[in-house]
Amino acid sequence: MRPYAPVSLLLSCLLCLVAGCGSSSIVSSKIAPPVRTLTPGVVAGTANPLVASYTISPPSPASVSIQFGPDATYGFTTSSQEVSTSNTPVSIQVAGMKASSTYHMRAHITYDDGTTQDDADQTFTTGAIPAGIVPSFTVSTTTGLTPQPGVELVDVLPGATNGEPLVTDLAGNVIWYYAFPDYQQSDLLYPIKLLPNGHMMFLIALPSQLPITTPTAPGALNAIREIDLAGNTIRQLNMSDLNASMAAAGFNITLQLFTHDFAALPNGHILVLANTLKTFNDLPGYPGATNVLGDVVVDLDPNFKPVWVWNEFDHFDVNRHPMNFPDWTHSNAVVYSPDDGSFLVSMRHQNWVVKVDYRNGAGSGAVLWKLGQGGDFKLQGGVDPTDWFYAQHDPTFVSKNTTGSFTLALMDNGDDRMFPPSVTCNGSGVPPCQYTTIPVMQIDENAKTASLVFHDSVDFYSSFAGSTRVLPNTNVEYNLAGVGDDAYTDEVTPTSNPQTVWEMHISGSNTYRSFRMPSLYPGVQW
């Protein structure tokens with residue numbers, strides 16, 4: 001019979017287990033990480049010559065990102081994708097590379113236990129950009145000034161090209177584009193936005209005013225489309241299908257065209273702008289029947305089904321039309337307010353930005369306020385009516401809060417600017433009748449005041465489109481989209497005499513919007 005160990009030895013072993021022992025201990029306190037064998041990934045081309053596909057199968061559940069750059073120090077990264085089961089392949093599209101260049105890349109894997117592993121270095125050579133995609137443009141940075149890091153997303157309108165959107169680095173190298181494979185004459189692709197899932201989304205339609213000038217356009221594209229970075233269509237909703245769904249859901253309205261803007265919400269819904277026609281008889285100054293074009297905001301659920309609708313004809317006087325009637329409202333932006341679940345609509349032909357009681361689909365649709373000349377707010381820090389915005393585009397929240405007292409920036413195109421009675425403005429008048437400004441306003445919803453905290457009168461008159469954003473470094477970036485046949489994007493200092501930090505000049509093509517993004521990937525700063 002084997003003798004029992006002495007009680008003292010048993011106690012000693014227990015103490016080692018509980019407290020840990022030195023190198024002569026019976027049990028070690030450190031557990032070696034598991035040994036994982038990683039099969040090298042595979043890099044392949046995609047339909048976009050600037051985008052690679054990197055496929056790898058982590059041997060354990062993990063998150064995977066791709067590091068890439070012109071050499072083996074990399075410098076750029078994609079966002080991460082989760083792999084929940086062992087040896088399951090994950091494919092990540094790598095975008096942000098210059099044309100006709102060789103790049104190094106590797107998968108960086110973070111396992112569920114916190115350990116990391118890198119794949120072997122791989123190389124990929126990008127292709128050339130097809131002719132006719134990129135308009136002529138130049139970029140410049142002012143010596144001694146540093147622009148906000150990131151990349152520039154440019155939504156080009158048809159002109160010298162078919163209007164393919166593109167992304168450049170700040171040195172002016174094109175690092176991404178969408179080839180628009182099914183382009184048809186007069187199609188507009190606007191606006192293109194990066195979604196939280198890493199895909200891009202945009203509207204494709206004819207110019208928004210066409211329902212009152214060219215009622216039918218057989219076969220024309222009229223859709224909202226989601227694509228991946230390689231340009232593959234992930235899903236699409238055509239207007240004919242939306243109208244069928246609207247009828248099935250009991251919404252008694254027929255939509256004409258997707259137009260100008262959409263907003264992707266945190267719950268997966270999409271607020272999208274579309275327009276509709278309504279016939280009026282014997283309006284003041286318009287005898288007989290007049291087809292009036294107004295806009296509608298449709299709330300699409302994650303399956304692209306309509307669940308809530310807001311129609312401007314239900315809330316505004318059709319006899320108020322400062323410009324371009326019967327293209328009555330020409331709304332060009334819908335902006336979600338996270339703090340209260342409402343949204344803003346920019347009504348260009350009313351010279352108003354309005355706030356709508358949406359409450360994430362539970363709201364009444366009531367107009368809570370109207371911002372602009374003749375609206376509900378008193379202008380401070382400027383001359384009323386001249387320093388209000390006119391024919392505006394792209395209102396965006398600057399402050400983190402979006403209710404109460406908040407900051408709003410926008411593009412003041414200035415098409416139908418008003419002046420005090422004491423100012424005579426004509427074609428040769430001083431000041432000029434039409435000029436563009438870049439206002440940033442502090443809005444107080446309770447006091448109903450709008451205070452100009454930045455107001456740059458720019459050198460060029462941009463008659464349509466455009467955008468304004470306040471960047472993380474506090475500089476202001478604006479896109480003058482329609483300066484004759486050209487377009488300009490400027491990053492300037494937020495000072496009383498703004499200095500140009502960075503500029504892009506596009507020759508022979510207009511834009512819809514242009515703005516700085518941190519990178520081509522959600523949550524990643526380059």
Side-chain angles (χ1 to χ4, degrees), residues 205-215 253-261 273-297 309-334 343-356 365-377 379 384-395 410-421 423 425-427 433-437 450 461-466 482:
L206 295 170
S208 64
Q209 69 273 16
L210 285 188
I212 54 176
T213 60
T214 310
I253 186 171
T254 300
L255 302 174
Q256 299 292 315
L257 294 170
F258 288 107
T259 176
H260 288 99
D261 202 11
L273 276 170
N275 56 26
T276 189
L277 283 172
K278 187 172 182 179
T279 303
F280 292 84
N281 292 312
D282 297 324
L283 291 172
Y286 295 85
T290 301
N291 288 326
V292 178
L293 191 65
D295 294 294
V296 176
V297 176
V309 172
W310 181 75
N311 186 345
E312 290 173 346
F313 283 107
D314 296 335
H315 299 279
F316 299 97
D317 180 5
V318 73
N319 292 302
R320 185 187 192 274
H321 39 75
M323 63 179 290
N324 291 12
F325 193 72
D327 186 0
W328 173 48
T329 56
H330 201 94
S331 298
N332 55 36
V334 56
F343 61 77
L344 310 182
V345 174
S346 169
M347 302 172 67
R348 170 175 161 87
H349 289 178
Q350 296 290 316
N351 304 318
W352 278 345
V353 173
V354 303
K355 182 174 182 177
V356 177
V367 175
L368 301 176
W369 47 250
K370 302 178 291 291
L371 177 68
Q373 195 279 325
D376 301 318
F377 289 75
L379 182 66
D384 186 352
T386 309
D387 290 334
W388 277 114
F389 49 81
Y390 294 86
Q392 75 287 337
H393 279 80
D394 192 44
L410 47 75
M411 166 59 60
D412 166 28
N413 294 94
D415 294 18
D416 61 329
R417 190 176 305 280
M418 294 176 60
F419 296 86
V423 176
C425 181
N426 52 44
C433 298
Q434 295 173 315
Y435 58 91
T436 296
T437 78
Y461 166 53
S462 179
S463 60
F464 67 93

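Residue indices begin at 1 and follow the sequence shown. Reckoned from all heavy atoms, side chains included, excluding hydrogens, waters and symmetry mates.
- For the pair L344 and W369, the minimum side-chain heavy-atom distance is below 4.5 Å.
- No donor-acceptor pair under 3.5 Å is formed between the side chain of Q350 and the backbone N or O of H330.
- Between V318 and F325, the closest side-chain pair of non-hydrogen atoms falls below 4.5 Å.
- Counting only distance, with no hydrogens or angles, the side chain of T279 and the backbone of T290 share no donor-acceptor pair below 3.5 Å.
- Taking CG of N332 as the reference point, atom CE of M411 lies at 11.5 Å (rounded to 0.5 Å).
- Interatomic distance, N351 CG to R320 CZ, rounded to the nearest 0.5 Å: 6.5 Å.
- Listed for the D412 side chain is no donor-acceptor partner under 3.5 Å among the backbone atoms of T436.
- Put simply, the side chain of E312 gets close to the backbone of D295: a donor and an acceptor are under 3.5 Å apart.
- Note that CG of L293 is 11.5 Å distant from CG of N324, once rounded to the nearest 0.5 Å.
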Apply the test side chain to side chain contact (heavy atoms under 4.5 Å, CB included) to residues Y390 and M323: give CA-CA distance (whole Å), side-chain angles for both, the deciding distance (0.1 Å), then the verdict.
CA-CA 10 Å; Y390 294 86; M323 63 179 290; over 6 Å; no
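- Between the NZ atom in K278 and the CD1 atom in I253 there is a gap of 9.0 Å [rounded to 0.5 Å].
- Under the 6.0 Å cut-off for aromatic ring centres, Y286 and F280 do not qualify, their centroids lying 6.0 Å or more apart.
- The two residues P322 and D416 make their nearest non-hydrogen contact at CB-OD2, 3.8 Å.
- A heavy-atom distance below 4.5 Å is found between the side chains of W310 and V345.
- In this structure W352 satisfies the side-chain hydrogen bond (donor to acceptor under 3.5 Å, both in side chains) test with no other residue, sequence neighbours excluded.
- Across all non-hydrogen atoms, the minimal contact from H315 to G365 is CE1-O, 3.1 Å.
- Between the side chain of D282 and the main chain of P287, no donor-acceptor pair closer than 3.5 Å is present.
- The nearest pair of heavy atoms linking V334 to F343 is CG2-CD1, 4.0 Å.
- Looking only at distances, no side-chain donor or acceptor of H393 sits under 3.5 Å from a matching main-chain atom of N413.
- In this structure, N291 contributes its side chain and I212 its backbone to no donor-acceptor pair below 3.5 Å.
- Across all non-hydrogen atoms, the minimal contact from S346 to P395 is CB-CD, 3.7 Å.
- Contact of the V297 side chain with the L273 side chain is registered, since non-hydrogen atoms from C-beta on lie closer than 4.5 Å.
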Side chain to side chain donor-acceptor pair (under 3.5 Å) for D415 and Y461? Distances and angles first, verdict last.
CA-CA 9 Å; D415 294 18; Y461 166 53; 3.2 Å; yes
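- In this structure, N275 and P211 have side chains that are in contact, with non-hydrogen atoms separated by less than 4.5 Å.
- Remark: side-chain polar atoms of R417 are not paired, donor with acceptor, to backbone N or O of Q434 under 3.5 angstrom.
- Side-chain atoms of T386 and V423, non-hydrogen and from C-beta on, never get closer than 4.5 Å to each other.
- Remark: T437 OG1 to D387 CG distance equals 7.5 Å, nearest 0.5 Å.
- At least one side-chain heavy atom of F389 sits under 4.5 Å from a side-chain heavy atom of L410.
- W388 has its side chain within reach of L371: a pair of non-hydrogen atoms, C-beta onward, lies under 4.5 Å apart.
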